[in-house]
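These notes are about the structure you will find just below.
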Amino acid sequence: MSEVKEKKKTPLWVLLLLQASLLFSSLSGVCSKLAALAPFLSFKFFFWYGMVLFIMFGYAVIWQQILKRMPLTVAYANKPVSLIWGMVWGTLLFKERITWNMILGAGIIFVGIFLVVTADGE
């Protein structure tokens with residue numbers, strides 16, 4: 001006999017925590033870029049790379065807590081949001097332009113993850 005597992009609905013606070021953690025994680029890219037702009041082995045260089053490590057450690061702890069409360073496929077399907085945050089930070093903080101190629105690339109990644117996550121037909 002096969003046992004049918006009842007699907008639990010993920011609480012809203014867990015979904016909000018997931019999105020907040022992805023926003024937090026995207027800040028590591030900002031700190032990494034700031035470190036790259038600082039003189040090599042300067043105080044600013046070490047400070048910004050230290051912030052990258054701090055952010056990624058915090059994100060790893062939060063990610064583990066999220067995975068206790070929702071399926072990996074659902075959590076992982078939300079990770080491309082980091083691409084959008086990266087483009088937002090690049091535009092706001094570094095005056096970079098968002099190009100059509102960037103939008104197309106992000107769209108392809110979103111579609112690919114959607115196809116993988118929905119491939120089992122559930």
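As a basis for the values below, the full set of heavy atoms in this structure was taken, side chains included, without hydrogen atoms, waters or symmetry mates.
- Residues Ser25 and Ile55 come closest through the heavy atom pair CA-CG2, 4.1 Å.
- Ile109 contributes atom CD1, which lies 10.0 Å from atom CG of Leu104 (distance to the nearest 0.5 angstrom).
- Taking CZ of Phe110 as the start and CG of Leu83 as the end, the distance is 6.0 Å to the nearest 0.5 Å.
- Residue Leu34 is grouped with residue Phe46 when hydrophobic side chains (ILVMFWY) are merged at heavy-atom distances under 4.5 angstrom, including chains of intermediate members.
- In the hydrophobic clustering, Met102 connects to Met87, Ile98, Trp100, Ile103, either directly or through intervening members, whenever side-chain heavy atoms lie under 4.5 Å apart.
- The structure places NZ of Lys79 at 11.0 Å from OG of Ser26, a figure rounded to the nearest 0.5 Å.
- Note on Leu22 and Leu67: same hydrophobic cluster, where clusters join Ile, Leu, Val, Met, Phe, Trp and Tyr whose side-chain heavy atoms are under 4.5 Å apart, directly or indirectly.
- The salt bridge (Lys or Arg N to Asp or Glu O under 4.0 Å) analysis of residues 96-110, with sequence neighbours excluded, yields the pairs Lys33-Glu96.
- Nearest approach of Val52 to Cys31, heavy atoms of both residues: CG2-CB, 3.6 Å.
- No continuous path of hydrophobic side-chain contacts links Phe57 to Met51 [ILVMFWY only; heavy atoms under 4.5 Å].
- Taking CG of Asn78 as the start and CD1 of Ile66 as the end, the distance is 9.0 Å to the nearest 0.5 Å.
- Put simply, the side chain of Phe94 reaches to within 4.5 Å of the side chain of Val30, judged on heavy atoms.
- The shortest side-chain heavy-atom distance between Met70 and Leu15 falls under the 4.5 Å cut-off.
- Here the straight-line distance linking atom OG of Ser82 with atom CG of Leu27 works out to 10.0 Å at 0.5 Å rounding.
- Partners of Tyr49 by side-chain hydrogen bond (donor to acceptor under 3.5 Å, both in side chains), not counting sequence neighbours: none found.
- The nearest pair of heavy atoms linking Trp63 to Tyr76 is CH2-N, 4.0 Å.
- Using a 4.5 Å heavy-atom threshold, the side chains of Leu23 and Trp89 count as touching.
- One distance of note links CZ of Phe54 with CH2 of Trp48; it measures 12.5 Å at 0.5 Å rounding.
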